[in-house]
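Here's the structure we're looking at; comments come further down.
Nothing fancy with the numbering, it's 1 onward along the sequence. Each ligand, and each atom within it, is numbered from 1 in the order the structure gives.
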Amino acid sequence: MVIQAKDIKYLNATELAKLVANKEISAKELVDVTYKNIDLIEPKIDALNSLTKELAYSIAETVDSKIKNNEKLPPLAGVPVAIKDNMCIKNCLATCSSKILEDFYAPYTSTVAQKVIDNLLIPVAKTNLDEFAMGSSTENSGFKTTKNPWDLNKVPGGSSGGSAASVASGQVSLSLGSDTGGSIRLPASFCGVAGMKPTYGLVSRYGLIAYASSLDQIGPFARNITDLSLLLQVIAGYDHKDSTSINKPVPDYSEALKVDIKNFKIGILSDLIAEGVQPEVKSAIESVLKLFKENGAQIDEVTLPHQKYAIATYYIIAPAECSANLARYDGVKYGIRNEDSPDLMDMYLNTRKKGFGDEVKRRIMLGTYALSSGYYDAYYKKAQQVRALIKQDFDNLFEKYDLLVSPACPNTAFDIGSRVDDPLTMYLTDIATVTANLAGIPGISIPCGFDSNGLPIGLQILAPVLQESKMLQAAYTFEQLTDYNRHFDKIKL
Ligand code: GLN
């Protein structure tokens with residue numbers, strides 16, 4: 001059967017896997033048409049930094065030979081996936097969208113990528129991001145700004161903007177991102193796809209190029225919850241190579257989707273639908289609550305008493321950790337080097353000056369300042385104390401509630417260029433998402449409406465530590481009751 005690029009564009013991962021398993025298309029053909037799609041769409045959205053063709057075709061060959069031999073395949077075998085360019089795959093570029101790593105080929109494979117490969121999914125490309133995952137719009141990429149597929153003048157959200165845009169635009173059905181303060185949930189919200197940040201420690205960070213290690217977590221993007229759960233299943237689980245990895249059995253997430261949400265107690269974080277929130281976002285969330293109520297859930301308004309300190313706390317801790325993590329880029333071990341320096345110090349300084357963009361430099365300065373001996377207690381220590389209070393706020397709420405909900409962002413996607421010169425406004429974009437990272441809990445964004453310009457609105461659902469199943473159940477129920485993830489035909493690329 002001859003399958004055209006446009007035929008597979010919006011098939012979901014489960015459907016693609018079935019086509020391959022039923023021999024309606026070979027894995028090689030699927031990779032061929034995926035690259036055709038990418039060629040057509042990519043010039044319009046700039047979501048990808050590089051293609052991983054050699055790897056893709058070698059896995060496709062493995063899948064095809066297993067099929068030929070009638071071997072049993074894992075559930076997503078043969079499905080193309082895009083991977084954020086801050087995760088290492090041996091012999092592939094891993095640039096973090098930074099000039100300092102422009103020519104860096106990873107010497108080893110991250111645990112997540114290895115699991116993806118072991119499960120016979122096919123990494124086809126590395127996706128664009130804000131440099132070192134620092135940003136909320138993908139405009140801080142050292143290479144290019146990814147466009148929002150729904151409106152090419154809008155940002156796709158960040159920092160995993162490339163991963164979200166590649167799924168929304170139909171380049172791939174699945175991708176991986178990382179979320180330090182919202183970098184999966186925010187672009188998922190702006191691009192109208194599902195994206196989740198798992199519990200801190202559920203997915204190994206080994207081979208994820210570090211931004212802020214106590215907050216970073218890898219997670220999946222998909223166009224529906226079934227696919228998302230299957231990809232989470234692939235990447236979750238204990239890894240001795242990551243000292244913060246949780247050593248507990250991983251539940252069957254797909255099984256969990258079958259349970260209904262009747263009797264769930266859900267808290268709506270009322271501060272996040274108060275003043276300053278785009279009215280269409282507010283009313284979309286209100287409709288969600290109504291729907292949950294009609295389906296048997298109990299809904300109460302709740303607050304996180306320390307929510308108002310969340311952005312300040314996050315923007316001390318994340319830069320502090322980044323300033324330490326990024327000290328390794330000195331021109332000696334990784335990436336570019338300033339070659340014409342007369343001495344070592346000049347080489348360090350000029351390598352970093354040339355290699356890092358403005359936002360990364362800003363964060364390194366903020367973080368170094370917050371960690372300096374004179375200010376450590378006033379900033380870093382204080383921020384850690386407030387972080388503990390925010391975690392306690394969640395612990396208290398989760399004694400009474402199964403799940404908490406809010407918008408993923410107070411607004412829909414904004415114009416490219418409109419916030420990039422105003423770091424504080426840009427930081428406020430993360431108001432709803434950073435608390436989950438500070439507390440280490442899981443969170444998801446799923447599409448729950450459109451604004452008057454047709455831009456997607458994201459619903460955030462938060463759950464207690466390791467309660468991903470509950471969160472996915474609620475998301476799945478919502479998806480069954482609505483059709484917000486079935487409007488991709490409106491994207492004209
Ligand atoms: N926007 C936040 C930041 O710039 C979050 C980024 C992320 O989650 N990687 O730090």
Item checked: Contact atoms of ligand 1, heavy-atom distance to Gly135 under 4.0 Å -> 1 (N), 2 (C), 3 (C), 4 (O), 6 (C)
Check: Can Arg205 and Thr244 be said to form a side-chain hydrogen bond (donor to acceptor under 3.5 Å, both in side chains), step by step?
Finding: CA-CA 8 Å; Arg205 289 180 296 112; Thr244 58; 2.8 Å; yes
Check: Would you say Arg363 has any N or O atom under 3.5 Å from an N or O of ligand 1, going by distance alone?
Finding: yes
Next item on the list: Return a yes/no value for Tyr211: is any of its N or O atoms, backbone included, closer than 3.5 angstrom to an N or O of ligand 1?
Entry: yes
Next item on the list: Take every heavy atom of Tyr314, measure it against each atom of ligand 1, and state whether any distance is under 4.0 Å.
Entry: yes
Margin query: Pair Ser141, Glu131 - check side-chain hydrogen bond (donor to acceptor under 3.5 Å, both in side chains), show working.
Written below: CA-CA 5 Å; Ser141 165; Glu131 186 176 3; over 6 Å; no
Margin query: I need the nearest protein heavy-atom contact for atom 1 (N) of ligand 1: residue, atom name and distance, please.
Written below: Asp430 OD2, 2.7 Å
Next item on the list: Looking only at protein heavy atoms, identify the closest one to atom 7 (C) of ligand 1 and say how far it is in Å.
Entry: Ser183 OG, 2.3 Å
Margin query: Which of the numbered atoms in ligand 1 are under 4.0 angstrom from any heavy atom belonging to Gly181?
Written below: 5 (C), 7 (C), 8 (O)
Note to self: Taking Asp179 first and then Lys197, would you say they form a salt bridge - that is, a charged N and a carboxylate O separated by under 4.0 Å?
What the structure shows: no
Checklist line | Rounded distance (nearest 0.5 Å) linking atom CG of Leu366 with atom CG of Leu371 | finding: 11.0 Å
Next item on the list: Could you tell me whether Lys490 sits above the aromatic face of Phe450, with NZ or CZ closer than 6.0 angstrom to the six-membered ring centre and within 45 degrees of the axis?
Entry: yes
Item checked: Proximal ligand 1 atoms for Tyr315, defined as those under 4.0 Å from one of its heavy atoms -> 1 (N), 2 (C), 3 (C), 4 (O), 10 (O)
Item checked: Enumerated ligand 1 atoms positioned under 4.0 Å from heavy atoms of Ser159 -> 9 (N)
Check: Phe414 ring centre to Arg419 NZ or CZ under 6.0 Å, with the angle to the axis within 45°?
Finding: yes
Check: From Gln114 CD over to Tyr206 OH, what is the distance, rounded to the nearest 0.5 angstrom?
Finding: 10.0 Å
Next item on the list: List the steps, then state whether side-chain hydrogen bond (donor to acceptor under 3.5 Å, both in side chains) holds for Asp422 with Thr425.
Entry: CA-CA 6 Å; Asp422 182 357; Thr425 308; 2.4 Å; yes
Notebook entry, point to check: Going by the order shown, which atoms of ligand 1 are within less than 4.0 Å of some heavy atom of Met134?
Noted result: 4 (O)
Checklist line | Sub-4.0 Å atoms of ligand 1 with respect to non-hydrogen atoms of Ala133 | finding: 6 (C), 7 (C), 9 (N)
Notebook entry, point to check: Could you go step by step and tell me if Lys84 and Ser160 meet the side-chain hydrogen bond (donor to acceptor under 3.5 Å, both in side chains) rule?
Noted result: CA-CA 7 Å; Lys84 190 174 180 180; Ser160 314; 2.9 Å; yes
Next item on the list: Any atoms of ligand 1 less than 4.0 Å from a non-hydrogen atom of Asp179? List them with their elements.
Entry: 8 (O)
Next item on the list: Classify the contact between Thr180 and ligand 1 as side chain, backbone, both or neither, using a heavy-atom distance cut-off of under 4.0 Å.
Entry: both
